[in-house]
Amino acid sequence: DAMVIQNPRYQVTQFGKPVTLSCSQTLNHNVMYWYQQKSSQAPKLLFHYYDKDFNNEADTPDNFQSRRPNTSFCFLDIRSPGLGDAAMYLCATSRESKLPRGGNQPQHFGDGTRLSIL
Amino acid sequence: AQTVTQSQPEMSVQEAETVTLSCTYDTSESDYYLFWYKQPPSRQMILVIRQEAYKQQNATENRFSVNFQKAAKSFSLKISDSQLGDAAMYFCAYRSPRRDDKIIFGKGTRLHILP
């Protein structure tokens, strides 16, 4: 089945130690998103890739970076994790039109990676 | 700026009964899309149902239906014949048709199903 796969499911890292979360998709969607979700809250968009174009949210900390080496893979790098970065990180994909008008396509989410900071 | 409000942080319903989750939104646009997403505990978020604002007919998907009131900016989700597997966090979401605009989520409603 076509899907969005996030690895690992659980990640533990030390305060200040860089960590990378990965996401892969078999849906061949052109847009990939990274969200941060804290307990019982709505997902908060960190950034997204529209094809190769990177779009950063204004309030995403500089500590968070992303790479998309090809259509199928996207990585979230946290350079120096702090205690406040402990959260669930969700990857999502969607197929968006090349036209300026779109938005009706649903996003497909992975299972998420739960990040703990020691 | 658009906002999405879910006024019920938690709800409970007896199995096999019907429950309605409320959602209101604020926008100055006339064309947009609305979604309900379901996030079960420790499982992935999935789309439940979507509605295009230009369509007057309410969307339905099996036991799930919406009551879309465009003038009132209301988009409630009705779950009929509730099942234990419906227990989840439900997020209402708004998106404009502009390609680069992000989806706006409400804070969610946690739905408990009582056996």
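So you know, we letter chains A, B, ... as the sequences are listed, proteins then strands, and number each from 1. We use all heavy atoms of the structure for the numbers below, so side chains are in, but hydrogens, waters and symmetry mates are not.
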* Asked: Just by distance, do the side chain of A/Tyr33 and the backbone of B/Lys102 share a donor-acceptor pair under 3.5 Å?
  -> no

* **Which atoms of B/Gln6 approach chain A - backbone, side chain, both or neither, heavy atom under 4.5 Å** => neither

* chain B contact via A/Arg9 - which portion, at a heavy-atom distance below 4.5 Å -> side chain

* Structure fact -> To the nearest 0.5 Å, atom CG of B/Leu47 lies from atom OG of A/Ser94 at 12.0 Å

* **Region of A/Gln6 in contact with chain B, defined by heavy-atom distances below 4.5 Å** => neither

* Hphob cluster co-occupancy, A/Val31 + B/Ile46, side-chain heavy atoms under 4.5 angstrom -> no

Tabulate below the donor-acceptor pairs under 3.5 Å that side-chain atoms of residues 72-81 of chain A make, not counting sequence neighbours, or state none.
residue, atom, partner, partner atom, Å
A/Asp77, OD1, A/Thr20, OG1, 2.6
A/Asp77, OD1, A/Arg67, NH2, 3.0
A/Asp77, OD2, A/Arg67, NE, 2.7
A/Arg79, NH2, A/Asp62, O, 3.1

* Interface residues of residues 72-94 of chain B facing chain A - non-hydrogen atoms under 4.5 Å apart -> B/Met89, B/Phe91

* Asked: When heavy-atom pairs shorter than 4.5 Å are enumerated against chain B, which of A/Gly112, A/Gly110, A/Pro43 gives the highest number?
  -> A/Pro43

* For the atom pair CD (A/Gln37) and CE (B/Met45), what is the distance rounded to the nearest 0.5 Å? -> 5.0 Å

* Do A/Met88 and A/Leu21 share a hydrophobic cluster, counting only Ile, Leu, Val, Met, Phe, Trp and Tyr and linking them when any side-chain heavy atoms are less than 4.5 Å apart? -> no

* Linking I/L/V/M/F/W/Y whenever any side-chain heavy atoms sit under 4.5 Å apart, do A/Leu115 and A/Leu118 land together? -> no

* Asked: Do A/Tyr49 and B/Ile103 belong together in a cluster built from hydrophobic side chains that touch within less than 4.5 Å?
  -> no

* Under 4.5 Å from any heavy atom of chain B - which part of A/Asn55 -> neither

* **B/Asn62 atom CG: more than 12 heavy-atom contacts under 6.0 Å** => no

* Which pair of non-hydrogen atoms, one from A/Ala42 and one from B/Gly106, has the smallest distance, and what is that distance? -> CB-O, 3.1 Å

* Between A/His48, A/Glu57, A/Gln107, the one whose heavy-atom pairs under 4.5 Å with chain B are most numerous -> A/Gln107

* Asked: Is the count of non-hydrogen atoms from other residues, nucleotides or ligands lying under 6.0 Å from B/Lys107 atom NZ greater than 12?
  -> no

* **Hphob cluster co-occupancy, A/Phe47 + B/Phe105, side-chain heavy atoms under 4.5 angstrom** => no

* To do: Could you tell me whether A/Arg95 atom CZ has more than 12 heavy atoms of other residues or ligands within 6.0 Å of it?
  => yes

* NZ (A/Lys17) with more than 12 external heavy atoms under 6.0 Å -> no

* Reported CD-to-SG distance for the pair B/Gln44 and A/Cys91, which is rounded to 0.5 angstrom -> 11.0 Å

* To do: Evaluate side chain to side chain contact (heavy atoms under 4.5 Å, CB included) for B/Arg50 paired with A/Gln105, printing each intermediate quantity in order.
  => CA-CA 9 Å; B/Arg50 65 177 161 180; A/Gln105 297 303 310; 4.3 Å; yes

